[in-house]
Number of protein chains: 2
Amino acid sequence: MNIKDIANKCNLSVATISRVINNDPKVADSTRKKVLSVIDKYKFVPNITGRSLRTQKSNKILVLLPTMSNQFYSEIIQGIEETAEEKGYAILVAVTNLQEHQEIKYLHMLRMKHVDGCISLFNTIEADAITSLAKNYPFVQCCEPTMNADVSSVEINNRQAVYDVVKQFIDKGHKTIGMISGDYYKTSELGRETGYQDALRDYGIKFDKNLVVKNFYRYEDGAIGAKKLMAYKPRPTAIVCASDSLALGATSYLKSQGIKVGVDVCVMGFDNTSITTYTSPTLSSINQPRYDLGKESFKLLYEKLQDINSVNKKIILPFQIIHRESTGCDN
Amino acid sequence: MNIKDIANKCNLSVATISRVINNDPKVADSTRKKVLSVIDKYKFVPNITGRSLRTQKSNKILVLLPTMSNQFYSEIIQGIEETAEEKGYAILVAVTNLQEHQEIKYLHMLRMKHVDGCISLFNTIEADAITSLAKNYPFVQCCEPTMNADVSSVEINNRQAVYDVVKQFIDKGHKTIGMISGDYYKTSELGRETGYQDALRDYGIKFDKNLVVKNFYRYEDGAIGAKKLMAYKPRPTAIVCASDSLALGATSYLKSQGIKVGVDVCVMGFDNTSITTYTSPTLSSINQPRYDLGKESFKLLYEKLQDINSVNKKIILPFQIIHRESTGCDN
DNA sequence: AATATAAATGTAAACGTTTAAATAGGAGGA
DNA sequence: TCCTCCTATTTAAACGTTTACATTTATATT
């Protein structure tokens with residue numbers, strides 16, 4: 001069953017059928033009605049490959065994901081998916097597992113026109129490559145815009161988030177505040193670490209690099225970080241972490257040492273993944289508006305899909321600091 | 001740059017170029033060499049849409065996922081992806097969020113030929129619909145084959161897994177063993193619950209339905225289940241759970257009641273997700289060979305892609321029972 | 001050398017759409 | 001009646017491949 005079959009059943013040419021399908025106003029109401037009824041009767045659906053070949057569009061967009069094992073991305077993708085569907089785009093999720101060759105392989109889908117655009121949740125390739133990619137193809141970065149790249153992006157103000165948390169800690173009387181960060185996601189990391197330093201400086205606490213531990217983002221790195229921080233004199237009474245998994249590892253270490261989390265030492269996570277409410281104590285965290293990060297990313301991409309020369313925008317969405325037991329609750 | 005351009009550069013017809021691209025042996029070695037060098041020089045890549053239109057194949061397969069927020073699926077998808085890529089197939093991940101209309105929408109991609117086949121990690125639609133789908137399109141179920149449906153599938157022996165765990169508990173002297181299960185994934189659930197009952201029966205312990213709690217698969221349902229089980233007289237000394245999240249919820253409740261997990265009460269999870277090693281105590285669990293579940297699923301699908309009438313196979317892969325602190329370790 | 005056979009290459013149709021350009025059919029005006 | 005303008009519709013080309021079939025060229029056989 002193709003457009004020609006429908007045309008025959010209607011005693012019309014394929015062109016008219018195509019016009020009906022594509023809501024072209026240049027078709028008589030009576031004709032349109034007849035065609036639609038036949039299409040409905042035979043449950044005809046236009047072949048997307050034929051259409052793609054002719055229009056040179058795939059109506060698919062690629063979502064590039066660093067890993068599937070981070071719960072954080074789930075809701076972002078949902079935001080992208082639902083917004084994309086409204087505009088008739090399907091999404092195709094690809095996972096790079098943080099490997100550059102995988103990233104390059106999947107980005108090739110843009111050049112090969114397998115997809116019309118791409119939203120990337122993380123890139124390893126360098127800024128110039130991103131800039132040139134974004135100049136030639138609809139491309140948007142979500143959460144982790146590459147530094148110094150000219151590209152549309154959506155993120156939160158990572159610096160401000162940690163700044164605000166540290167300020168709150170200082171306001172509550174904490175004098176020694178540690179930070180456990182990672183060493184991979186360059187942009188957000190730098191923002192978060194800068195926020196930490198800026199808040200200390202603005203509120204008259206001298207920065208000591210020994211109070212910042214950087215490893216990877218695994219649970220065990222959080223424990224390692226906490227151990228190192230607890231050896232610092234005077235012992236920190238608050239720790240801000242660059243991810244929930246780090247915070248979780250940190251609390252587990254603290255608990256193992258008989259240190260009461262939320263009482264002796266306050267711990268703040270990042271991303272507000274669902275695990276935060278499953279742990280004991282429940283984990284305070286900084287919430288990113290995940291659904292909206294996805295949604296706005298697609299909206300930016302859509303502008304590029306309409307006009308590749310439209311100006312690059314940087315969108316900053318609001319975050320929320322959510323207090324739970326690990327910071328002594330209810331602030 | 002298309003196949004015609006290459007043909008012109010080579011002073012050959014498009015047919016010959018196409019033959020070279022598709023490794024058709026009917027082309028002279030010298031010609032092949034020349035064509036390949038030109039293809040390489042201009043970095044020509046055949047247009048996949050044109051090819052798809054002509055061959056009536058998309059070389060894409062759909063992976064249908066119930067949710068993105070379950071870490072369990074990540075490695076399965078990797079197994080599918082890597083195996084699929086070897087055969088020249090790309091994968092397209094779609095998430096149903098456990099909604100039937102989403103499932104139907106995505107399965108439609110099969111009928112519309114947007115994808116050549118589908119591996120589904122979970123289906124809500126009824127057995128007859130699955131059977132008929134599988135008869136007409138390459139379709140494989142992974143982990144959760146629909147009961148009474150005639151379809152290729154890959155899974156572990158869920159019944160045996162729980163049977164073995166319960167037997168181990170009994171061998172260790174446990175007399176009262178509870179189970180916390182869910183009420184959604186019909187097939188694996190039934191298997192696991194049957195394994196529980198069968199082991200009790202085979203080793204002379206009377207089954208009491210009050211020792212099986214069924215809710216959903218959320219963390220909090222695990223806590224609710226544990227609470228109910230702890231009210232049972234005599235108090236159970238072991239609990240087997242149908243998922244790690246349930247087990248986690250259960251241990252959190254037990255801990256909150258001052259009950260020592262792994263000493264007073266042993267807890268066994270299911271799926272061996274990475275969270276098992278992050279908790280305190282670390283969580284014993286039943287490991288499913290996730291990568292291989294994905295890999296074998298694709299291999300089954302590939303058989304169907306070659307010949308839709310090939311016989312339906314049911315593959316059972318081995319599981320492992322992994323003891324950690326929550327069952328008193330090191331067995 | 002003439003012919004038969006095999007190998008290499010070319011020709012053209014086909015896949016299912018969309019869309020510019022051509023055409024038909026009316027309505028209205030003179 | 002004829003002409004002009006619309007509007008609705010058709011025609012046919014185009015998108016980039018693959019592939020059955022036709023043709024050419026090379027090789028082997030007599």
Side-chain angles (χ1 to χ4, degrees), chain A residues 1-36 38-39 42-60 88-90 108-116, chain B residues 1-39 42-60 88-90 108-116 305:
Chain A
M1 179 67 55
N2 58 25
I3 209 173
K4 205 165 169 185
D5 297 326
I6 299 292
N8 290 338
K9 310 256 184 222
C10 298
N11 287 317
L12 287 165
S13 72
V14 291
T16 302
I17 311 299
S18 179
R19 289 209 183 80
V20 170
I21 292 170
N22 294 288
N23 290 311
D24 188 316
K26 299 243 150 269
V27 42
D29 269 3
S30 57
T31 312
R32 162 165 288 126
K33 212 163 290 172
K34 180 172 62 174
V35 171
L36 285 176
V38 172
I39 283 179
Y42 292 94
K43 307 258 171 267
F44 167 69
V45 183
N47 178 297
I48 210 157
T49 309
R51 174 182 289 170
S52 290
L53 183 59
R54 173 59 220 224
T55 62
Q56 301 290 77
K57 308 231 154 292
S58 68
N59 271 60
K60 289 187 175 54
Y89 283 85
H108 220 75
M109 298 178 77
L110 272 174
R111 307 182 220 272
M112 291 162 73
K113 304 277 174 68
H114 295 189
V115 291
D116 298 337
Chain B
M1 179 66 56
N2 58 26
I3 209 172
K4 205 166 168 184
D5 298 326
I6 299 292
N8 290 339
K9 311 255 183 220
C10 297
N11 288 317
L12 286 165
S13 72
V14 291
T16 302
I17 310 300
S18 179
R19 289 201 187 90
V20 170
I21 293 169
N22 294 286
N23 289 311
D24 188 316
K26 297 244 151 266
V27 42
D29 270 2
S30 57
T31 311
R32 160 164 290 125
K33 210 161 289 173
K34 180 172 61 174
V35 171
L36 286 176
S37 81
V38 172
I39 284 179
Y42 292 94
K43 307 257 172 266
F44 167 69
V45 183
N47 178 297
I48 211 157
T49 309
R51 173 182 290 169
S52 291
L53 184 59
R54 172 60 220 226
T55 60
Q56 300 291 80
K57 307 232 154 293
S58 67
N59 271 61
K60 290 187 175 52
Y89 284 85
H108 220 76
M109 298 178 77
L110 272 175
R111 308 184 220 271
M112 292 162 72
K113 307 276 174 69
H114 294 189
V115 291
D116 298 337
L305 288 165

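Proteins come first, then strands; the chains are lettered A, B, ... in the order of their sequence lines, and each starts at number 1.
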| Can you check whether B:V14's main-chain N or O pairs, donor with acceptor, with B:S18's side chain at less than 3.5 Å? | no

| B:I3 and B:I21: which non-hydrogen atoms are nearest, and at how many Å? | CD1-CD1, 3.9 Å

| message | Using a heavy-atom cut-off of 4.0 Å across all strands, would you classify B:I48 as base, sugar-phosphate, or nothing? | response | nothing

| request: Describe the nucleic acid contact of B:D5 in one word from base, sugar-phosphate, nothing, applying a heavy-atom distance below 4.0 Å. | output: nothing

| said: Return whichever of B:I21 or A:V14 has its heavy-atom-nearest nucleotide of DNA chain D closer to the 5' end. | reply: A:V14

| query | When you match B:S13 and A:A15 each to their closest nucleotide on DNA chain C, which lands nearer the 5' end? | reply | B:S13

| If you look at every strand shown and take non-hydrogen atoms under 4.0 Å, does A:S18 touch a base, only sugar-phosphate, or nothing? | base

| query | Just checking B:L12: base, sugar-phosphate only, or nothing, at a heavy-atom cut-off of under 4.0 Å? | reply | sugar-phosphate

| said: Need two values: the first and the last nucleotide of DNA chain D, 5' to 3', having an atom under 4.0 Å from any heavy-atom of chain B. | reply: D:dG16 to D:dC21

| said: Near DNA chain C, counting only heavy atoms under 4.0 Å, which residues of residues 24-36 of chain A show up? | reply: none

| query | Within the structure shown, what part of the strands sits under 4.0 Å from A:T16 by heavy-atom distance: base, sugar-phosphate, or nothing? | reply | base

| message | Nearest heavy atom decides the nucleotide; on that basis, is B:R19 or B:Q56 closer to the 5' end of DNA chain C? | response | B:R19

Residues 23-36 of chain B, side-chain donor-acceptor partners within the protein, below 3.5 Å, at least two apart:
unit_1	atom_1	unit_2	atom_2	d
B:D24	OD1	B:K26	N	2.8
B:R32	NH2	B:D24	O	2.7

| query | How close do B:H114 and B:K60 get, heavy atom to heavy atom, and via which atoms? | reply | O-CB, 4.3 Å

| task | Could you tell me the separation between the CG atom of A:N2 and the CG atom of A:N47, rounded to the nearest 0.5 Å? | result | 8.5 Å

| query | Any side-chain heavy atom of A:D5 sitting closer than 4.5 Å to one from A:F44? | reply | no

